[in-house]
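Quick notes on the structure that follows.
Just so we're on the same page: letters track the sequence lines, and every chain starts at 1. The basis for the numbers below is simple: all heavy atoms, side chains too, and nothing from hydrogens, waters or symmetry mates.
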2 protein chains.
Amino acid sequence: MMKKERHVLSITVENYSGTLSKVAGLFTRRGYNIDTLNVAETMDPGISRITVTVTGDEEVLEQITKQLNKLINVIKIIDLTAKQSILREFMFLKINCNKENRSEIIQLATVFKGKTVDVAAKSITIEVTGDEEKNNAFIELMRPYGIIEIVRTGLTAIERG
Amino acid sequence: MMKKERHVLSITVENYSGTLSKVAGLFTRRGYNIDTLNVAETMDPGISRITVTVTGDEEVLEQITKQLNKLINVIKIIDLTAKQSILREFMFLKINCNKENRSEIIQLATVFKGKTVDVAAKSITIEVTGDEEKNNAFIELMRPYGIIEIVRTGLTAIERG
């Protein structure tokens, strides 16, 4: 049986237009699902970092990593799953609310160190940052009120030390 | 003269493998630079949201939007630049530090509501969430200490109300 596991990869690339499309294409052509992905500049404006969460077979991932390394714009690939690393995800949650339950929702958000960023007549928007477990727990807590929208960045990660 | 402006687009797509690569490819083939991009599931596990920050000519963006709308897996495109929206970016900063300046750095981070997530002998890692202006100001503040690494998710956004 093939072993399916989730990996968080940090891929530094030269900021050449088209690299992102190539990297994403390489995963999908191999039947590898991209769970989340985010990309932004590093300290060097010429170099970007792609953080990608993928789930799939170990052997296929090895093949993909080899192919990624062959791409001219790929500088380095680190599998942060194997390292001591800190994982975080940022998310916005827009929740149904009314006069009666608004302060209850704000209070619950505070427990999760969430920040209320917008209040309207019938909705409230909260931002939360945390690991996946914390964020999913907060989503479950808010579900009974009626979630209007979730916007998540996907996991990002940095090596310890 | 062509008008170059930055846009934050929220693109909801069916979670079909390959959509991300196609969307990214559409921008780059038209010479449009993707500044940042992030993608994750929405409330519905079958639907993902791609938030993309792009800079370029207005007319070309209109053409790209039309082409994106033609992609079978694209459900909706919202230009959040034109709306009342909240923009945020999450980032990790790993900074050089020693016994002498460690508490100074932690204190400065607190002013920016940054959270110290790792302390090693010669480095410290801080997480910060904010709009671009705040995050860039914090980067500038930390620069003199020596920044080892920056990991950013890229901008994410949600409509108000």
Side-chain angles (χ1 to χ4, degrees), chain A residues 10 15-29 31-43 48-51 53 86 88-94 113 115 117-123 125 127 129 139 147-161, chain B residues 10 15-29 31-43 48-51 53 86 88-94 113 115 117-123 125 127 129 139 147-161:
Chain A
S10 174
N15 201 355
Y16 179 76
S17 218
T19 309
L20 178 62
S21 177
K22 274 184 205 158
V23 170
L26 232 157
F27 281 99
T28 50
R29 270 200 305 282
Y32 232 80
N33 198 45
I34 295 178
D35 300 330
T36 71
L37 180 148
N38 48 70
V39 56
E41 270 180 13
T42 60
M43 257 185 302
S48 297
R49 176 181 291 102
I50 302 172
T51 307
T53 314
I86 307 157
R88 286 287 186 279
E89 183 176 36
F90 172 88
M91 62 179 193
F92 283 122
L93 253 84
K94 194 183 281 180
K113 302 209 193 312
K115 205 175 135 197
V117 289
D118 189 53
V119 178
K122 289 176 179 176
S123 73
T125 305
E127 62 171 55
T129 306
I139 290 171
I147 298 172
I148 304 167
E149 207 175 353
I150 302 179
V151 180
R152 344 178 46 152
T153 60
L155 279 178
T156 192
I158 194 164
E159 240 181 285
R160 286 191 183 272
Chain B
S10 175
N15 202 355
Y16 180 76
S17 219
T19 310
L20 178 62
S21 177
K22 274 185 207 158
V23 170
L26 232 157
F27 281 99
T28 50
R29 269 200 306 282
Y32 233 79
N33 198 45
I34 295 177
D35 300 330
T36 72
L37 180 147
N38 48 69
V39 57
E41 269 179 15
T42 60
M43 258 187 302
S48 297
R49 176 181 290 101
I50 303 172
T51 307
T53 314
I86 307 157
R88 286 286 186 279
E89 184 177 37
F90 172 89
M91 63 178 193
F92 282 122
L93 253 83
K94 195 181 281 179
K113 303 210 192 311
K115 205 175 136 197
V117 289
D118 189 52
V119 177
K122 289 176 179 174
S123 72
T125 304
E127 61 170 57
T129 306
I139 291 171
I147 298 172
I148 302 166
E149 208 175 352
I150 302 179
V151 180
R152 344 177 48 151
T153 60
L155 279 178
T156 191
I158 193 165
E159 240 182 286
R160 286 191 182 271

Can you tell me which portion of [X] sits under 4.5 Å from chain A's heavy atoms? Options are side chain, backbone, both or neither.
X: B/S123; answer: side chain
X: B/F27; answer: neither
X: B/T156; answer: both
X: B/E149; answer: both
X: B/R49; answer: side chain
X: B/I148; answer: backbone

At their closest point, which heavy atom of [X] faces which heavy atom of [Y], and how far apart are they?
X: A/V151; Y: B/A157; answer: CG1-O, 3.7 Å
X: B/G161; Y: A/A120; answer: CA-CB, 3.7 Å
X: B/V117; Y: A/R160; answer: O-NH1, 3.6 Å

Do A/S10 and A/T51 meet the criterion of a side-chain donor-acceptor pair at a distance under 3.5 Å?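 Note: A/S10 and A/T51 side chains miss the donor-acceptor criterion.
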
Highest number of heavy-atom pairs under 4.5 Å with chain B: which of [options]?
options: A/E89, A/K22, A/E127; result: A/E127
options: A/R29, A/R88, A/E41, A/M43; result: A/R88
options: A/T129, A/N33, A/T42; result: A/T129
options: A/I150, A/L37, A/T28; result: A/L37
options: A/T36, A/D118, A/T125; result: A/D118

Checking A/T153 side chain against A/F90 main chain: does a donor-acceptor pair fall under 3.5 Å?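 Pair found, side chain donor or acceptor close to backbone of A/F90.
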
By a 4.5 Å heavy-atom criterion (distance strictly below it), what part of [X] contacts chain B: side chain, backbone, both, or neither?
X: A/A121; answer: neither
X: A/I139; answer: neither
X: A/E159; answer: both

Is any side-chain heavy atom of A/L93 less than 4.5 Å from a side-chain heavy atom of A/I147? yes

Close side-chain approach of B/I50 and B/N38, heavy atoms under 4.5 Å: no

Gap between atom CZ of B/F92 and atom NZ of B/K115 - 0.5 Å precision: 9.5 Å

From A/T53 atom OG1 to A/L155 atom CG, the distance as rounded to the nearest 0.5 Å: 4.5 Å

